[in-house]
Structure formats: structure tokens, C-alpha cells
Amino acid sequence: MKAARLARRNVLHRPLETGLSVLLLAFGVGIISLMLLMQRSLTEDLDRNIKDIDLVLGAKGSPLQLILANVYHVDVPTGNIPLADARKIMRHPYIEEAIPLAYGDNYELFRIVGTEPSYPAHYNAEIAEGKMFEAAFEVVIGQEVATATGLTIGDTFYSAHGLTDGTDVHRDKAYTVVGTFDRTGAVIDQLILTPIASVWGVHEDVEDADEEITAVLLKKKNPLAILTLPNLLRDTPMQVALPAIEMNRLTQQFGIGLQTLRAVALLIMGLSFISVFIALFASLRDRRYELALLRTMGAPPRRLFALVLFEGLWMTVAGIAAGLLLSRLGVMALGEVLQDRFHYEVTQLMPVSGEFVLAAAALLVGAVAAGIPARSALRIDISNTLGQGR
Amino acid sequence: MLKTEGLRYQYAGADTGLTFPDLHLNKGDELLLLGASGTGKTTLLHLVAGMRTPTAGSVTLAGAPFSALNTAQRDQTRGKHMGIVFQTAHFVRSLTVGENLALARSLAGCAPDAEVIKGLLQDLGLGHKLNARVDALSVGEQQRVSIARAVVHGPGLILADEPTSALDDANTDAVLTLLRNQAKRTGAALLVVTHDQRLKDRMSQHVELNPTS
């Protein structure tokens, strides 16, 4: 019988001690791995959505809110700006590309955004079925919207006012679905896109609503744009915000919380190794007769060392595996919440490179934690142990 | 099979050492070592088994020097050539009866032959305990399984340390008969160490150990 197999039988024979060690390690590894997975998902999502947008023009207010609302579509907009004023910036020689966005209403909490075909083009969103919107009240819907609402080409629907719920429905003008986008992985998947004219059309009862937009996504031609534009806007109700800088600030604020969580996870992992260590030491005291017996049956000391080491490694490997599994269950659960709350997808389950480092480090520490008791198994005096007859 | 010459052992801190009579056993021989407690009979058994290194003298096993080997070599040689029945039966508790026997065979370098193990357990009236947990055995059953483990790999020398001290007369007879039958079946030499005077009449060859100085 191989030492590894006997070791597995031995750890399974002590389910409580083994269970505690495995559970602690699983939680430690699980939390860290969950953080790595979420971090990757978040970073990828953030980057995918920023994609070459250098500046966002919108109404004055919190720059972070401006970015969140208009790049990520998760917050309420800071307000509207007159299209005529925005045009001056859009045509500025330092600007290469300018995509206007006009917030409309929502349909089943999916945002209706008035824009131009350059917006989906920026995110490489291809038409999956149907065609691009042309006339007012034609819409093209993202993949997520199509799946969640069941809308297909030719369907019509009424929008609900604002971004919150479906209580105040505009019954006068119906939107018609003329196309769907392929999945992009960017926030477009969650949007209903329509010409800006539709958004103005719905609210034409409100007098000063026409010819206003919510924001403009800008791509600079000249780096000086970042310095020049804020000056141009100083005395206007408009501002420009830099997505990269705002998101950086946001993740840094997350960072403190994440660091605390990581410290807690490392602490739990540390405890789990102590638990492996204690479990093995206690079991050795309990089994010294058994180990001496193995020696008399022909197992040299190095095999006892291997046996105890393998017992520790079994627990470590089980803990790591359980932890990686746990984090994926966590991602799926969290992903569901995020998707329900923010129409946001976090379902990437592939291993992150950090997880390999994590697993290797845990294995190494586990081997050390098991190695110390294993060394003491080398020094068992079989004659004394068996002579006392217990 | 076994030859000891001038074996002496002195415990650390003891004033005097223990001196032991020379032993010589051929295959098929059986010998009873009788001695009251304090005569060092377990020490002698452990010297013979290579579990302790003699202060002086030597042990020769199957024609080769045994006591001069290093620890790991002695462990492996012992596992291959000897089967030991201890006073108290102990097993690898995570394994079943059958697996404990298979482990003894594999540590001795024998193939794990399921038929041999099954047949041996049946001989000892334990055929139905093949897959039993060792914790679930009675004391008598445990002693029989430990005899099975001592012979399952066909060793040339069987050592038994006080195999009957905890047993009543009927069980003493049964255990001794088992040991002798198994030794005879495999042609092994049998060395029994005990203070149990009941065995004196049951085994022809015996050596009395006296408190030595």
C-alpha cells in the first residue's frame, strides 16, 4: 500500500480534525480567490467599457457620478446640457470623436439611450439580427435586454418615465424593435439604443426638454484637450471628467476594504495551517504505537515521514480545492445579485493567474506545517513505544 | 534461522547491564523464553527483532548479520523475515482487518494476494471479519488477527511477546495452538517470550531467564 493512499485513509479516519483544518483553509483560500475573480471581472469590465473614451462631457456635478451614469450606466445622470453648447466642444479641433448620449426612460428597468450609430460602433457591437436604428422610435436592443425581456424584432413597447420603475408609462409613443446586437461583454448588452430624436419626442410635452442631451463621450486628438477643455467650460453648467482617473479613485476607495478582507483571509489561512499542524501532532501522539508498528512491519523511518507529510498534504489539497470551488459558487451567487440589481455580469470562472500563486503558496506552507510533525515521526523509538504496551 | 551470540544490553543510566544466553533456532524450531518481570525478556525480544541495538554481541538472521545493519535496513529486513505478535494487539485503525493484513504483505515486499489473506482468516475462524473495522473486534479476535498479521507474509521467524498473558486457560491453549500450527504450516521458527508458567508444560524447548547482574 502506497504511503499516499494510507495517508488518505488516515485523514478520513479522523473526520472532525480533518474537517476543521480543511474548512478553515477552504475559507481562507475561498475568500482570496473570490477577491481575485471579482477583481479580474471588475477590471476587465471597467476597461472594456472605458475603451478609448478619454473624456466625458456632461452637466456639472460629481465627476464620478457623470462617469458611472454615462460610461457604465449604473448611476443617475448629473443632469442635462443644451445640445447647442455641447456641439462647441464636440467640434473642438482637439477632439477626434464625439458620441452624444441622451438619457431617455426605461423599459423594465433597461435604460433607453438616445445616441448615434457611432456609439455601438465604438464598442464593436455588431447587429445580430435586423438593422441599425434610423428613424425616431426605432430601437436596437442589447443581448441581455433581448434575453431578459423577450423582445424580438417587430415588437413594440412603451417606455416608463425616468430610470426607476414602470409606474409612470408613456402611453403615447411606442418604440419598435428593429434590431438586436451581438453580445459585446460591455454595457451595451444592457441598453436599448434609439436615435436621440426619440428621446426628445417622448418628452415633447415638456417645453424646454428639446435639444438637450445628457452627455458626450469624447476621444481626444490632442493630449492638450485634457488641459484645455476644463478651462473652456469654467463658466458654463458643463464639465468634463476623465473616466480613467475617476475609476482609479473609485477602485482605490474599494482598495481599503479589499485590503482588510485580504488580511482577514490570510489570518484564516494562517489559522488553518496551525490547525493542520495541531491535528497532525495530536494524531501522532495518539498513534505512536501504530507508527511503531508500521516500523516493525518493515516501513523504514522515511516512510513514516512520507506518511505524515502526505496526511498534511491531503488536507491542504482538499482545502485548496474546496476553497477554489467555494469562490466559484460565490461568484455565481454574487453574479446573480449583481445582474439582478445592476444588470451587470460577473460570471468568469476560469482560473486567475493569482490563484495559481495562491495554491502553490498554500501547498508550500501546508508542506511545512506537516513537515514538522512528520520529522518527529522520524524519531520514534519503537522499542520504548511498543515495550510499554500502552 | 536465528543465532544470537554474547548479547548484552545496558540501559542508559543503569548501573549494570543485562546479559542474555545465546539462542539458536533453525527453521521449524520452537523455543519458549521464560522469565519473571525484570529479567529483560522483552529487551531480549527487541534485540532479536532489531528494535534495539545491543551494547555487545550480535544477532544473525537467515545467515546474515542483522544487528549490524542500520535502522532502515533493519526495519526492512525485519518486515521481510519476521512476524511479531505483541502483548497488546494494535493495528492501523483506519484500515479494515483485510487491509491490515495486505499492508503487512506489502511492507514485506509480497504481492497483496487476496486469496492468501482470505484463506488465512478462514483458518483462524475469522473469515467473516475480512472487511470488519479493527476497532469492532473483541480482544480474542484482535489477538488472532495479530497472529494472522505476523504470518501472512510467510516469515522465517515468528516472535511472540507475552501472547497469552491476558487470556484465560482455554484461550491460552487456543492461541498457542494457532501460533504453533501457523509456524509449522510455513516452516517458520517460533520464539515465545513470557512470564506465563502455564506455557512451560505446553512447549518442549524452553530457556529460563534469570535476573542477571
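Since we're looking at a predicted model, the values are computed, not measured. To find a chain, count down the sequence lines: A is the first, B the second, and so on, and within it residues start at 1.
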Worksheet item: For R198(B), which residues count as a salt bridge (charged side-chain N to carboxylate O under 4.0 Å, His left out) partner, sequence neighbours excluded?
Response: D169(B), D196(B)
Response to the item:
Under 4.5 Å to a heavy atom of chain A? For R149(B) that would be side chain
Practice prompt. Could you check S376(A), P373(A), S275(A) and say which one makes a side chain to side chain contact (heavy atoms under 4.5 Å, CB included) with L280(A)?
Written response: P373(A)
Worksheet item: Can you say whether N70(B) sits under 4.5 Å from chain A via the side chain, the backbone, both, or neither, judging by heavy atoms?
Response: neither
Fill in: Part of R14(A) lying under 4.5 Å from any heavy atom of chain B
neither
Worksheet item: Could you name the residues of residues 72-80 of chain B that have a heavy atom within less than 4.5 Å of a heavy atom in chain A?
Response: A72(B), D75(B), Q76(B), R78(B), G79(B)
Practice prompt. Would you tell me whether Y9(B) and T19(B) have side-chain atoms, one donor and one acceptor, within less than 3.5 Å of each other?
Written response: no
Worksheet entry | Criterion side chain to side chain donor-acceptor pair (under 3.5 Å) on Q143(A) and D189(A), from CA distance to verdict | CA-CA 5 Å; Q143(A) 229 1 269; D189(A) 293 348; over 6 Å; no
Worksheet entry | Segment of L294(A) engaging chain B (4.5 angstrom heavy-atom cut-off) | both
Fill in: Modelled atom types, side-chain donor and acceptor of T55(B) and Q10(B), under 3.5 Å
no
Worksheet item: If you tally heavy-atom pairs under 4.5 Å against chain A, which of R52(B), E162(B), H153(B) wins?
Response: R52(B)
Worksheet item: N10(A) and E311(A): side-chain donor and acceptor closer than 3.5 Å?
Response: yes
Worksheet item: By a 4.5 Å heavy-atom criterion (distance strictly below it), what part of A49(B) contacts chain A: side chain, backbone, both, or neither?
Response: neither
Discussion item. Pair H46(B), S383(A) - check side chain to side chain donor-acceptor pair (under 3.5 Å), show working.
Written reply: CA-CA 6 Å; H46(B) 286 186; S383(A) 178; 2.6 Å; yes
Discussion item. Is it the case that the ring center of F273(A) lies less than 6.0 angstrom away from the ring center of F277(A)?
Written reply: no
Discussion item. Does any backbone or side-chain atom of I382(A) lie under 4.5 Å from a heavy atom of chain B? Answer side chain, backbone, both or neither.
Written reply: both
Worksheet item: With a 3.5 Å cut-off and no angle check, do the side chains of Q182(B) and R185(B) form a donor-acceptor pair?
Response: yes
